[in-house]
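Everything on this sheet refers to the single structure shown next.
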Amino acid sequence: MKETIDIRKLCINNMGKNIVIVGNGISGITCARHVRKLSKHRITVISSESEHFFSRTALMYIYMGHMKFEHTKPYEDHFWEKNTIDLIKKFVTQVDANNKLVLFSDGSSINYDVLVLATGSKSNKFGWPGQDYKGVQGLYHLQDLENMEENTRGISNAVIIGGGLIGIEMAEMLRSRKIGVTFLVREKNFWDNILPLEEAKMINRHILEHHVDLRLEAELKEIKGDSNGRASSIITNKGEEIPCQFVGLTAGVSPNIDFLKNSDIEIDRGILVNNFFETNVTDVYAIGDCAQFRVPPAGRKPIEQVWYTGRMQGEVLAKTICGERFPYSPSHWFNSAKFFDIEYQTYGIVNSQLSENEQTFYWEHSSGKISFRVVYDKNDKKIIGFNVFGFRLRHEVCDEWLTQKRTVDYVIEHLPKANFDPEFYRKYEPEIIAQYNKQSGKNLKLKARKGLLATFLK
Ligand SMILES: Cc1cc2nc3c(=O)[nH]c(=O)nc-3n(C[C@H](O)[C@H](O)[C@H](O)COP(=O)(O)OP(=O)(O)OC[C@H]3O[C@@H](n4cnc5c(N)ncnc54)[C@H](O)[C@@H]3O)c2cc1C
């Protein structure tokens with residue numbers, strides 16, 4: 001007989017609802033933690049990936065030997081029991097919304113009062129011939145890291161397909177073990193569907209400096225295998241054959257929602273939700289990488305696949321679940337990443353191409369590794385967004401400037417206020433303002449951050 005875990009019966013008197021969360025990533029876990037802070041609801045978190053929550057963004061550092069898996073767990077293993085958050089390591093195959101049941105691959109099931117779907121993403125595969133050969137894989141889950149460890153042992157050459165953030169991380173991982181890397185990028189320049197031309201070219205150069213054979217406007221046509229069913233080479237759209245023993249598929253990710261295909265829960269690319277994360281089925285919510293907004297918040301995309309938005313979404317949903325119906329209304333867009341040694345931050349909206357009403361100011365250091373861009377409205381000069389490469393700005397200051405709709409002049413003059421780097425780091429604001437003054441014919445002066453010696457501004 002199939003087992004159904006009736007957690008209602010397990011509830012201690014008045015412990016509230018049974019909250020079942022599928023997914024123990026940042027979204028599901030943040031939701032669980034905040035529901036626990038706000039209530040005595042029974043909470044069960046399910047994941048087939050790992051027993052305990054870990055930081056997905058740190059996966060690369062395990063491969064590179066900078067961290068052990070244990071170090072990527074933000075909470076001690078006893079945290080969950082102490083906070084009465086039950087953990088189940090099983091794979092969910094179906095949701096029976098009529099009976100409020102979640103079904104597992106081992107035939108068992110669990111019932112819920114409230115269901116939160118936080119199942120994240122999976123690597124894209126586009127049906128390439130040979131994509132299932134041994135040695136061909138994406139990088140998203142812990143199991144991918146384990147496979148990568150196995151698949152790259154003792155190899156000399158790898159090919160990476162797809163020039164996004166995960167692709168460049170994979171290149172860095174492989175180079176850390178001195179494996180030769182050919183990087184096929186479909187676009188004219190690295191990530192140029194997101195980055196403006198100058199920044200995209202800066203990263204092209206940086207990738208080449210790290211001895212990665214970057215092939216722009218190159219696509220995968222086919223993966224060839226040997227008699228053991230292992231990848232042995234790839235063929236590009238230009239007919240070139242590149243020998244390799246490992247193929248990394250990093251052409252984006254998509255919501256991990258296949259298990260919902262025959263359910264009553266409405267899906268498109270992701271699980272469709274409103275700004276309370278409600279799906280079309282009562283008491284079923286979706287958050288994080290797997291959720292798709294029917295109407296995205298202003299200035300945002302329908303699917304947000306970044307760490308900090310998953311965290312925000314988990315926290316906001318916890319309020320609604322605990323009785324304070326709370327809409328998701330994020331502040332300005334922010335993202336950060338690292339391209340080998342170059343740190344990147346973006347605030348507000350910086351598109352790869354300027355729109356009609358936009359103008360931009362761009363400064364690049366002579367090293368070709370540090371840059372600053374501000375995009376602003378052509379008419380009223382109010383800022384729309386900025387990109388920073390190679391140094392860091394303070395999130396709260398940038399966010400405030402965008403909210404206050406500061407002008408480009410104001411931002412350039414007050415850049416020292418936003419600089420995040422320690423005082424003894426080299427400062428670039430004098431060069432930035434000098435170039436701005438030269439281009440605009442103005443004579444703006446830097447305003448020093450309060451309490452700081454202004455000597456470096458001279
Ligand atoms: C290598 C890498 C580097 C990244 N670096 C950055 C970065 O620097 N900055 C940034 O903002 N973002 C980064 N991201 C993206 C970020 O990690 C994700 O946006 C975030 O982890 C999504 O969180 P989530 O909780 O929505 O989903 P996930 O973290 O994907 O968690 C979902 C969990 O649900 C489980 N699950 C799914 N389906 C089922 C099922 N049917 N049954 C049981 N369990 C299931 C999954 O196995 C997984 O454990 C990176 C991603 C990767 C892969």
Side-chain angles (χ1 to χ4, degrees), residues 20-33 44-64 72-74 87-95 102-106 108-110 115-124 137-145 148 160 162 164-173 248-250 252-261 263 265 270-271 273 277 285-292 301 303-315 317 333-339 343-346:
V20 170
I21 300 173
V22 187
N24 70 349
I26 184 67
S27 316
I29 287 300
T30 307
C31 185
R33 284 198 310 107
T44 307
V45 180
I46 299 161
S47 173
S48 54
E49 185 179 10
S50 61
E51 187 116 14
H52 299 111
F53 170 51
F54 69 95
S55 168
R56 193 172 302 291
T57 58
L59 279 181
M60 70 182 292
Y61 300 108
I62 303 176
Y63 184 89
M64 290 164 67
T72 68
K73 292 196 275 186
L87 305 177
I88 295 182
K89 188 163 184 268
K90 288 190 183 192
F91 183 71
V92 174
T93 49
Q94 224 180 312
V95 174
V102 167
L103 297 113
F104 298 115
S105 56
D106 64 2
S108 63
S109 58
I110 187 170
L115 177 64
V116 178
L117 300 168
T119 52
S121 296
K122 59 179 171 32
S123 305
N124 285 336
Q137 64 162 98
L139 175 63
Y140 188 87
H141 291 106
L142 196 53
Q143 286 74 20
D144 295 326
L145 188 77
M148 194 168 159
I160 299 172
L165 297 179
I166 297 178
I168 198 166
E169 281 196 2
M170 200 184 238
E172 187 175 350
M173 291 160 79
L249 302 177
T250 59
V253 297
S254 43
N256 195 359
I257 54 169
D258 288 348
F259 70 106
L260 293 176
K261 278 194 175 137
S263 76
I265 299 161
I271 305 166
V273 293
F277 305 106
Y285 301 85
I287 48 172
D289 275 29
C290 69
Q292 176 182 344
K301 298 213 164 89
I303 303 179
E304 298 187 325
Q305 292 160 320
V306 286
W307 182 265
Y308 82 98
T309 56
R311 194 174 53 206
M312 276 166 33
Q313 294 184 13
E315 186 174 350
L317 176 59
W333 175 249
F334 159 72
N335 201 4
S336 67
K338 207 162 149 273
F339 304 106
E343 283 197 55
Y344 155 68
Q345 291 181 321
T346 189

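This is a predicted model, so every value here is computed, not measured. One-based numbering, in listed order, for ligands and for the atoms of each.
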Val306 versus Thr309, closest heavy-atom pair with distance: O-OG1, 2.9 Å
Gly310 touching ligand 1 at heavy-atom level, < 4.0 angstrom: no
For Asn256, atoms of ligand 1 separated by under 4.0 Å from a heavy atom: 37 (C), 38 (N)
Closest non-hydrogen atom pair between Asp144 and Leu139, with its separation: OD2-C, 3.8 Å
Enumerated ligand 1 atoms positioned under 4.0 Å from heavy atoms of His141: 46 (C), 47 (O)
Closest protein heavy atom to atom 2 (C) of ligand 1, given as residue, atom name and distance to 0.1 Å: Glu169 OE1, 3.9 Å
Val92 N/O under 3.5 Å from ligand 1 N/O: yes
Main-chain N/O of Phe339 paired with Tyr344 side-chain donor or acceptor, under 3.5 Å: no
Side chains of Ser254 and Asn124, donor plus acceptor under 3.5 Å: yes
Atom 27 (O) of ligand 1 [closest protein heavy-atom partner, distance rounded to 0.1 Å]: Gly120 CA, 3.1 Å
side-chain contact (heavy atoms from CB on, under 4.5 Å) assessment of Ile110 paired with Phe104: CA-CA 8 Å; Ile110 187 170; Phe104 298 115; 3.8 Å; yes
Any Ala118 heavy atom less than 4.0 Å to ligand 1: yes
Mutual orientation of the aromatic rings belonging to Trp333 and Tyr308 [parallel < 30°, tilted 30-60°, perpendicular > 60°]: tilted
Interfacing atoms of ligand 1 (cut-off 4.0 Å, heavy-atom, Gly25): 25 (O), 29 (O), 31 (O)
Proximal ligand 1 atoms for Ser121, defined as those under 4.0 Å from one of its heavy atoms: 30 (O)
For atom 6 (C) of ligand 1, closest protein heavy-atom neighbour: Thr57 CG2, 3.2 Å
Shortest non-hydrogen contact between Ser50 and Leu142, atoms and distance: CB-CD2, 4.0 Å
Proximal atoms of ligand 1 relative to Gly288 (non-hydrogen, under 4.0 Å): 26 (O)
For Ile88, the option from Val45, Val102, Thr44 that meets side chain to side chain contact (heavy atoms under 4.5 Å, CB included): Thr44
Close-contact set for ligand 1 against Gly23 heavy atoms, below 4.0 Å: 33 (C), 34 (O)
Check: Thr30 side chain, Glu315 main-chain N or O, donor-acceptor pair, under 3.5 Å: no
Closest to atom 30 (O) of ligand 1 among Phe54, Tyr140, Phe104 (heavy-atom distance): Tyr140
Atom 29 (O) of ligand 1: the protein heavy-atom neighbour that sits closest, reported with distance to 0.1 Å: Arg56 NE, 2.9 Å
Leu117/Leu260 under side-chain contact (heavy atoms from CB on, under 4.5 Å): CA gap, chis, key distance, verdict: CA-CA 10 Å; Leu117 300 168; Leu260 293 176; 3.8 Å; yes
For atom 22 (C) of ligand 1, closest protein heavy-atom neighbour: Asp289 OD1, 3.2 Å
Ser48 N/O under 3.5 Å from ligand 1 N/O: yes
Gln137 side-chain N/O to Met148 backbone N/O, donor-acceptor pair under 3.5 Å: yes
Identity and distance of the protein heavy atom lying nearest atom 49 (O) of ligand 1: Glu49 OE1, 2.5 Å
Protein contact to atom 39 (C) of ligand 1 [nearest heavy atom, distance to 0.1 Å]: Thr119 CG2, 4.0 Å
Per-atom contacts of ligand 1 with Asn24, taking only distances under 4.0 Å to non-hydrogen atoms: 33 (C), 49 (O)
Contact atoms of ligand 1, heavy-atom distance to Gln305 under 4.0 Å: 15 (C), 19 (O)
Nearest atoms (heavy-atom pairs only) where Ile303 meets Gly270: CD1-N, 4.2 Å
Closest non-hydrogen atom pair, Lys122 against Asn256: CD-OD1, 3.9 Å
Leu139-ligand 1 polar pair, N/O distance under 3.5 Å: no
Minimum heavy-atom distance Glu49-His141, with the two atoms named: OE2-CA, 3.2 Å
Part of Met60 with heavy atoms under 4.0 Å of ligand 1, whether side chain, backbone, both or neither: neither
Per-residue contact class, Ile166 against ligand 1 - non-hydrogen pairs under 4.0 Å: side chain
Side-chain (Ser105) to main-chain (Thr93) donor-acceptor, under 3.5 angstrom: no
For atom 24 (P) of ligand 1, the protein heavy atom that lies nearest, with its residue and separation: Ser27 OG, 3.3 Å
Tyr308, any N or O under 3.5 Å of ligand 1 N or O: no
Crowding at NZ, Lys338 (>12 non-hydrogen neighbours, <6.0 Å): yes
Closest to atom 12 (N) of ligand 1 among Phe91, Phe334, Trp307, Tyr63 (heavy-atom distance): Trp307
Lys90 touching ligand 1 at heavy-atom level, < 4.0 angstrom: yes
